[in-house]
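The structure under discussion appears below in the form of structure tokens.
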Amino acid sequence: MKLRIAIQKSGRLYEDSVQLLKECGIALRNVKDRLKTEADNFPLEVFFLRDDDIPQYVEDGVADIGIVGENVLYEKNKKAEIVEKLGFGKCRLSVAIPRSQEYAGIRSLEGKRIATSYPFLVNEFLAKNNVQAEIHEISGSVEIAPGIGLADVVADLVSSGSTLMMNGLKEVEVLLQSQAVLIRNNSLDAEQQKLLDKLVFRIRSVKKANNNKYILLNAPNDKVKEIIALLPGMKSPTVLPLAEAGWSSVHSVLSEDTFWDIIEQLKAAGAQGILVVPIEKMII
Ligand SMILES: Nc1ncnc2c1ncn2[C@@H]1O[C@H](COP(=O)(O)OP(=O)(O)OP(=O)(O)O)[C@@H](O)[C@H]1O
Ligand SMILES: O=P(O)(O)OC[C@H]1O[C@H](OP(=O)(O)OP(=O)(O)O)[C@H](O)[C@@H]1O
Ligand SMILES: [Mg+2]
């Protein structure tokens, strides 16, 4: 028995999806130009698909699990459950209008032609806000629609905002914040569930490790107490004596979000020779 996972064949999520499996210790065989492959060291079969098709495959149980953007999952409105947010493919679905136009709130969209690849989500947004507008569904290059007279405004994915900027558009409403998620079929059997649990355990360890750094520093013994108070650590920091009398080495784990703040405080408290090391896996 193998667990079947659907991932994007090529595009924004492909590299990160394969990389995540790799960091979970899952080596894929002959990835290049294949539509299907297997893992060497985990009972996993991998299907490479257009991202739009992944929610359907997972709902139907053709694939047991999949990696897809929340934007696509919600747009397709399929029955599949989110198991884990994966932290990559971060973007938002936004409405954008020509930069030269005034925007006075959602009512400004009344009667407008909206070009989008997300008709379901846009429709839902308009209905919720009691706005009547015309949706023009197009499958790509949405941002050029106003420039060529196809629509008045667009609803498309935004990350850095540079595509909007290059096309003379400005973002006026955010409909959805999105990232890649691991989804599962709603009725996995016990054996498939067991394999999924194993995979999710590994994913969480990898995510945790990527969000944390191991730090080592030296400090005079009379400063150690103050330094320890600044450090969280997995249990508590490790303190070891240095060969030089009166000095200690302190080891701990810091999370990425608080990292720079704490480093500054450590320096101010007398820490020296601070080393920061990446963590490969973190199991708590
Ligand atoms: N600029 C971006 N920054 C970060 N993530 C993005 C960005 N654009 C899209 N994404 C995320 O990556 C997913 C895939 O984007 P991509 O542009 O590769 O899709 P696509 O062209 O529809 O691919 P496919 O050929 O598989 O249908 C999107 O659904 C979204 O979740
Ligand atoms: O705000 P930005 O950082 O500019 O990113 C937004 C752009 O990225 C995505 O397209 P992508 O580059 O994946 O191309 P595609 O839709 O044509 O595949 C999305 O559809 C936007 O056009
Ligand atoms: Mg697509």
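Values in this document were obtained by computation on a predicted structure and should not be read as measured data. Sequential numbering from 1 along the given sequence is applied to the chain's residues. Numbering of ligands and ligand atoms starts at 1, following listing order. Side chains included, hydrogens not; waters and symmetry mates left out as well; all remaining heavy atoms used.
Atom 8 (O) of ligand 2 has Arg12 NH2, 3.2 Å as its closest protein atom, hydrogens excluded (heavy atom only). When only non-hydrogen protein atoms are considered, atom 24 (P) of ligand 1 lies nearest to Arg50 NE, 3.1 Å. Protein heavy atom closest to atom 11 (C) of ligand 1, with residue, atom name and distance, is Cys91 SG, 4.0 Å. Taking atom 9 (C) of ligand 1 as the reference point, the nearest protein heavy-atom neighbour is Leu157 CD1, 3.5 Å. The protein atom (non-hydrogen) at minimum distance from atom 4 (O) of ligand 2 is Thr163 OG1, 2.5 Å. From the protein, the heavy atom lying nearest to atom 22 (O) of ligand 2 is Glu143 OE2, 2.7 Å. With respect to atom 31 (O) of ligand 1, the closest heavy atom belonging to the protein is Asn71 OD1, 2.7 Å. Protein heavy atom at the shortest distance from atom 6 (C) of ligand 2 is Leu157 O, 3.5 Å.
On a distance-only criterion, Val158 and ligand 2 share no N/O pair closer than 3.5 Å.
With ligand atoms numbered from 1 in the order given, ligand 1 contributes 18 (O) to contacts under 4.0 Å with heavy atoms of Gly11. Residue Val72 approaches ligand 1 through these ligand atoms, each under 4.0 Å from one of its heavy atoms: 29 (O). Close approach of ligand 1 to Leu13 (heavy-atom distance below 4.0 Å) involves ligand atoms 12 (O), 13 (C). Close approach to Gly89 involves these atoms of ligand 1, each under 4.0 Å from a residue heavy atom: 4 (C), 5 (N). Close approach of ligand 1 to Gly69 (heavy-atom distance below 4.0 Å) involves ligand atoms 31 (O). The ligand atoms of ligand 2 that sit less than 4.0 angstrom from a heavy atom of Ser160 are 1 (O), 2 (P), 3 (O), 4 (O). Every atom of ligand 1 is numbered from 1 in the order shown, and the set under 4.0 Å from a heavy atom of Ser159 is 1 (N), 2 (C), 3 (N). In the vicinity of Gly161, heavy-atom distances shorter than 4.0 Å reach the ligand 2 atoms 1 (O), 2 (P), 3 (O).
Atom OD1 is the N, O or S atom of Asp51 at the shortest distance from the Mg ion (ligand 3). For the Mg ion (ligand 3), the nearest N, O or S atom contributed by Asp52 is named OD1.
At a cut-off of 3.5 Å, with distance as the only test, a side-chain donor of Gln192 or Asp64 sits close to an acceptor on the other residue. Neither side chain, Thr163 nor Glu143, offers a donor N or O lying under 3.5 Å from an acceptor on the other. Between Lys85 and Gln179, the side chains place no donor N or O within less than 3.5 Å of an acceptor N or O (distance only, hydrogens not considered). In summary, the side chains of Tyr103 and Glu173 do present a donor paired with an acceptor at a separation below 3.5 Å, with no hydrogens or angles considered. A donor and an acceptor atom, one from each side chain of Asn212 and Ser255, are nowhere located under 3.5 Å apart. One side chain, Asp197 or Gln193, offers a donor N or O that lies under 3.5 Å from an acceptor on the other.
Phe47 has its side chain out of reach of Lys9: every pair of non-hydrogen atoms, C-beta onward, lies at least 4.5 Å apart. You'll find the side chain of Leu216 stays beyond 4.5 Å of the side chain of Val250, heavy atoms only. Counting only heavy atoms from C-beta outward, the side chains of Val95 and Val154 never approach each other to under 4.5 Å.
Screening Arg202, Lys207, Arg184 for a salt bridge (charged side-chain N to carboxylate O under 4.0 Å, His left out) involving Glu84 leaves a single residue, Lys207. Remark: of the listed residues Glu15, Glu23, Lys22, Glu23 is the sole one forming a side-chain hydrogen bond (donor to acceptor under 3.5 Å, both in side chains) with Gln19.
By the rule that hydrophobic residues join a cluster once side-chain heavy atoms approach within less than 4.5 Å of another member, Leu3 and Leu21 end up as members of one cluster.
When heavy-atom distances to ligand 2 are checked against a 4.0 Å cut-off, Asp156 comes that close only through its side chain, counted from C-beta outward. With a 4.0 Å cut-off on non-hydrogen atoms, Asp51 touches ligand 1 through its backbone as well as its side chain. With a heavy-atom cut-off of 4.0 Å, Lys90 touches ligand 1 through its backbone alone. Counting heavy atoms under 4.0 Å from ligand 1, residue Gln8 touches it through the side chain alone.
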| Hey, mind stepping through Glu110 and Arg107 against salt bridge (Lys or Arg N to Asp or Glu O under 4.0 Å) and telling me if it holds? | CA-CA 6 Å; Glu110 186 72 38; Arg107 297 246 56 90; 2.8 Å; yes
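Put simply, atom 26 (O) of ligand 1 has protein non-hydrogen atoms near it, under 4.0 Å away. Proximity of atom 18 (O) of ligand 2 to the protein is not indicated, since no non-hydrogen protein atom lies closer than 4.0 angstrom. Under the 4.0 Å distance rule, the nearest protein heavy atom to atom 13 (O) of ligand 2 falls inside the cut-off.
Under the 30°/60° scheme for interplanar angles, the aromatic rings of Tyr214 and His251 are found to stand perpendicular.
Taking all atoms of both residues into account, the shortest heavy-atom contact from Lys223 to Ala269 is CD-O, 3.3 Å. When all heavy atoms of Pro55 and Ile183 are compared, the pair lying nearest together is CA-CD1, 4.2 Å.
Nearest residue to atom 12 (O) of ligand 1 from Gln179, Arg12, Glu75 is Arg12 (criterion: closest heavy atom).
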